[in-house]
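Read the numbers this way: they start at 1 and go in the same order the structure lists the ligands and their atoms. These figures come from a predicted structure and were not determined experimentally.
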Amino acid sequence: MRDKIIYYSKTGNTESVAKKLSQKSGIPIEKIVATSDDPNQMVATIVFAPSVKDVSFVIIGSPVHGFSLPKVTKAYLESLGDLTGKTFDLFVTHYFPFAGLGGKQTLNAMKKIILSKNGQVNEVISINWTSRKREKAIAALIQTLSL
Ligand SMILES: Cc1cc2nc3c(=O)[nH]c(=O)nc-3n(C[C@H](O)[C@H](O)[C@H](O)COP(=O)(O)O)c2cc1C
């Protein structure tokens with residue numbers, strides 16, 4: 001079983017997926033908190049950074065901002081130390097109908113930071129918030145990440 005769900009959410013979409021996953025799977029959940037959620041801030045200052053020190057299998061969820069990583073998710077991931085021996089599942093929630101309009105780029109950016117710190121990436125999942133199949137996609141995410 002995964003050890004922890006870590007997420008950032010500005011307007012609640014990613015949070016709702018993370019919480020549903022936690023409720024169904026029993027995996028503990030922690031939110032990344034910054035001094036500001038303003039997407040236009042130059043650099044985000046993190047006030048609560050969930051620890052990955054004593055865990056080895058972690059899920060990280062994030063929204064997409066401006067075709068890439070929100071400043072808060074980026075600052076959090078960059079603040080992590082060496083991730084040798086740790087595996088991550090990544091998911092994003094996004095608005096535009098195609099994952100190629102930000103979802104994929106965000107997952108790739110998250111993956112790049114984790115790999116640069118010697119971590120491993122397992123599942124990468126994007127949830128299109130405007131899709132009619134959204135609830136089905138969330139159910140599939142929960143099934144995949146609850147194992
Ligand atoms: C400043 C800003 C920029 C965004 N840029 C994108 C984008 O480039 N591509 C996309 O698909 N969605 C974009 N979105 C939509 C969010 O990624 C989407 O609504 C997401 O589900 C929000 O998650 P949250 O409620 O957890 O914050 C943007 C939203 C905001 C507020």
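The structure places OG of Ser62 at 6.0 Å from CG of Leu69, a figure rounded to the nearest 0.5 Å. Rounding to the nearest 0.5 Å gives a distance of 9.5 Å between CZ of Phe88 and OG of Ser56.
Among all non-hydrogen protein atoms, the one lying nearest atom 25 (O) of ligand 1 is Thr11 OG1, 2.3 Å. Annotation: atom 30 (C) of ligand 1 to nearest protein heavy atom, His65 CD2, 3.5 Å. For atom 12 (N) of ligand 1, the closest heavy atom belonging to the protein is Tyr95 N, 3.1 Å. In terms of protein heavy atoms, atom 19 (O) of ligand 1 is closest to Asn13 ND2, 3.6 Å. Of the protein's heavy atoms, Phe96 N, 2.9 Å lies nearest to atom 11 (O) of ligand 1. Closest to atom 20 (C) of ligand 1, if we only count protein heavy atoms, is Thr93 OG1, 3.3 Å. If you check which protein heavy atom lies closest to atom 8 (O) of ligand 1, you get Phe67 N, 2.6 Å. In terms of protein heavy-atom proximity, atom 14 (N) of ligand 1 is nearest to Val64 O, 3.2 Å.
At least one donor-acceptor pair under 3.5 Å links the side chain of Ser79 to the backbone N or O of Tyr76. In terms of modelled atom types and a separation under 3.5 Å, the side chain of Thr130 and the main chain of Tyr95 share a donor-acceptor contact. Between the side chain of Ser131 and the main chain of Asn128, no donor-acceptor pair closer than 3.5 Å is present.
Judged by distance alone, the side chains of Thr93 and Thr14 do bring a donor and an acceptor atom under 3.5 Å apart.
Those atoms of ligand 1 that come under 4.0 Å of a heavy atom in Lys10, given as number and element, are 24 (P), 26 (O), 27 (O).
In Leu101, the part holding a heavy atom less than 4.0 Å from any atom of ligand 1 is the backbone. Residue-level proximity to ligand 1 for Pro39 is carried by the side chain, the only part with a heavy atom below 4.0 angstrom.
Note: His65 and Tyr8 have perpendicular aromatic rings, judged against thresholds of 30 and 60 degrees for the angle between ring planes.
Proximity annotation for atom 5 (N) of ligand 1: of Ser68, Gly66, Gly12, Gly66 comes nearest, heavy atoms only.
Salt-bridge check for Glu135 with Lys20: passed, with a basic side-chain N closer than 4.0 Å to an acidic carboxylate O.
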